[in-house]
Amino acid sequence: MNIKRIESVIEAVLFASGDAISIDKLSEIVEVDKATLQSVVKRLTDKYDYEQRGIKIIQVGDKYQMATRGEYAKYVQKIVQPRKRNPLSKATIEVLAIVAYKQPVTRSTIENIRGVNSDNSVNRLLELGLIEEKGKLDAPGRPALFGTTDEFLRSFAVSSLSELPSIDEFVIEEPIDTESEGSQQIIDL
Amino acid sequence: MNIKRIESVIEAVLFASGDAISIDKLSEIVEVDKATLQSVVKRLTDKYDYEQRGIKIIQVGDKYQMATRGEYAKYVQKIVQPRKRNPLSKATIEVLAIVAYKQPVTRSTIENIRGVNSDNSVNRLLELGLIEEKGKLDAPGRPALFGTTDEFLRSFAVSSLSELPSIDEFVIEEPIDTESEGSQQIIDL
Amino acid sequence: MKQISFKLDTFEGPLDLLLHLIQKNKVSLYDIPISEITEQYMEYLEQMNFFDIEISSEFLVIAANLLYIKSKTLLPKHDEEQEEEDPRLELAQRLILYKRFKKAAAYLSEREAIASHTFYKPREYIEPILIDESLSFVTLDHLHDAIADVAERLSFRRPLSAKKFREMAGRESVSVFSKVKAVLSKLKILKKIKFLDIFKNMKSRDEVVASFLAVLELIKVNRIAVEDNNGVVEISYLNKKRGRKDLEHKKN
């Protein structure tokens, strides 16, 4: 099968599926090895992006999915029901950020960081499928460890966790720029 | 809006909709007049066809819809679990044998010979096209008479029924009511 | 110090409130003016109290912590030589970490807005491939064997001669009547027994057959009830009156 045909088959399969398909499954369906598959998907993705096509391919963890380009949302919104979900509360997004960056993380770690009980937010995130239990901590009481899901990646347009900016990049700006050396010592936590 | 952008918007809208969209509605969504819309859809359709893309645009009456190119159906089908038809059960093989050797037969003859209701097997064989109705018995209720089909011959690679392995003739005494008479006597205490 | 008036905003927690106070005072997280901040923090709690807002224990824990830090900073240092850790350090670290996550949360909110512009489509209807194994492993020989089986079974079911039939059915070595009595007397004592227990310790086939017929007869005349209790068939005694009552209920 030549590259052009593999590209078309991938396009047909991603279109028909609608859902995200794992790289493994796609390579099985298209009948090419994973390396070839990934390079062809990359080629197709670049082509869509370069031509500013109406569709694009997004990566969600180890899955690929076909979607509309955000740029055309204004038009698409006119026929498609927007995904109905009440916006996450400030508290819930905070908890989600902690889970995303510190995963796998227990309820009590989350509570410690925020200084306040966060069970409601954790439960809401579980309910929304944005986080899930990833196992138990090997400690007394064996508390659950939480991590983010593929749904999280999709909902926040993040192709993989490694794509998230490092937590240190969120610099704490200071009102006074002439800080003493002493403060430096504190920053290095 | 230039042609390329109109093309992309149409692509995004047709993709997200999934369903067929009327030309009127599409022209309203994309915010271009119908003539322009139709010429751009035509352009896009030709491009997909020329490049043998995985997707294509089909026109259904006065509606447009995005679909996968039929050529790649073989791959697309692999997205879903194949449906499996299990091998014929012993009972069904028995019914098939009775129909093959004793045709034409009615349901009640089959039932009498086997001593159990055989409707499920008869229906399965009808569905598989291995047996078919060959007429009606000239008796009260005019029950259907079943016989084997050409598909049956094909499936068993025989050219005619005379090629079936021979059996010693046996008489079908129907109905066999000796036992029921005896039991009746016992039950009526 | 200037008075800080609150609109009594709600905060996500005590750390959120502290960050708010620090920002409001335009002071550095790395050098928190602990007595001022503590004072304002306590003032906030008082207002919460005034407006009858329940103050969660977490706010009180931090309040205690602030007061402790404040007391430590006020205490004269015993030994100038010995370098003591800044008592504010731990709190500052917590606040910095929390603030980082707040920023990460803001970042995620932006991402969410971007993601909400992306649309997906539902799955197409895909006709599944049919793997038809109906006739795999079925050969003409199977058909032949099947019809031969049928023929053989039929030969066993040929009508019996009248003489042979009388020999088999005419003689009743165990009477059904005796078994009706046996089952009833058992039930009168036990009220409920397992169906299979009726046949316990029976020595002959005739006895089993007679007992089975007895059970059928008793069901027919509505003297016993049969129920399936999770796969265990049980038989219970219906006394005549109740039996009749049930019938009347049914009529109504």
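The chains referred to below are lettered A, B, ... by the order of the sequence lines, with proteins before strands, and numbering in each begins at 1.
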So, taking the atom named CG in A:Leu88 and the one named CG in A:Leu130, what distance separates them when rounded to the nearest 0.5 Å? 6.5 Å
Taking all non-hydrogen atoms of both residues, which atom of [X] and which atom of [Y] are closest, and how far apart?
X        : Y        : value
A:Leu44  : A:Ile57  : CD2-CD1, 3.6 Å
B:Gly54  : A:Ala12  : O-CB, 3.5 Å
A:Leu126 : A:Ile131 : CD2-O, 3.6 Å

Hey, can you dump all donor-acceptor pairs under 3.5 Å between chain A and chain B, distances included?
| unit_1 | atom_1 | unit_2 | atom_2 | d |
| --- | --- | --- | --- | --- |
| A:Arg5 | NH1 | B:Glu71 | OE2 | 3.4 |
| A:Ser8 | OG | B:Gln52 | O | 2.8 |
| A:Glu11 | OE1 | B:Arg53 | NE | 2.9 |
| A:Glu11 | OE1 | B:Arg53 | NH2 | 3.4 |
| A:Glu11 | OE1 | B:Gly54 | N | 2.7 |
| A:Glu11 | OE2 | B:Arg53 | NE | 3.2 |
| A:Glu11 | OE2 | B:Arg53 | NH2 | 2.1 |
| A:Lys25 | NZ | B:Ile79 | O | 3.0 |
| A:Ile29 | O | B:Lys78 | NZ | 3.0 |
| A:Glu31 | OE2 | B:Lys78 | NZ | 2.6 |
| A:Gln52 | O | B:Ser8 | OG | 2.8 |
| A:Arg53 | NE | B:Glu11 | OE1 | 2.9 |
| A:Arg53 | NE | B:Glu11 | OE2 | 3.2 |
| A:Arg53 | NH2 | B:Glu11 | OE1 | 3.4 |
| A:Arg53 | NH2 | B:Glu11 | OE2 | 2.1 |
| A:Gly54 | N | B:Glu11 | OE1 | 2.7 |
| A:Glu71 | OE2 | B:Arg5 | NH1 | 3.4 |
| A:Lys78 | NZ | B:Ile29 | O | 2.8 |
| A:Lys78 | NZ | B:Glu31 | OE2 | 2.8 |

Return the option, out of A:Ile21, A:Val13, A:Leu26, A:Val30, with the maximum number of heavy-atom pairs under 4.5 Å with chain B. A:Val13
Should B:Val40 and B:Val32 count as side-chain neighbours, where that means a heavy-atom distance under 4.5 Å? no
Is it the backbone or the side chain of A:Ala67 that comes under 4.5 Å from a heavy atom of chain B, or both, or neither? backbone
Among all residues two or more places apart in sequence or in another chain, which pass the side-chain contact (heavy atoms from CB on, under 4.5 Å) test with B:Pro140? none
Of all pairs that satisfy ring-ring contact (aromatic ring centres under 6.0 Å, His included), the ones with a partner from residues 131-169 of chain A, not counting sequence neighbours: A:Phe152-A:Phe156
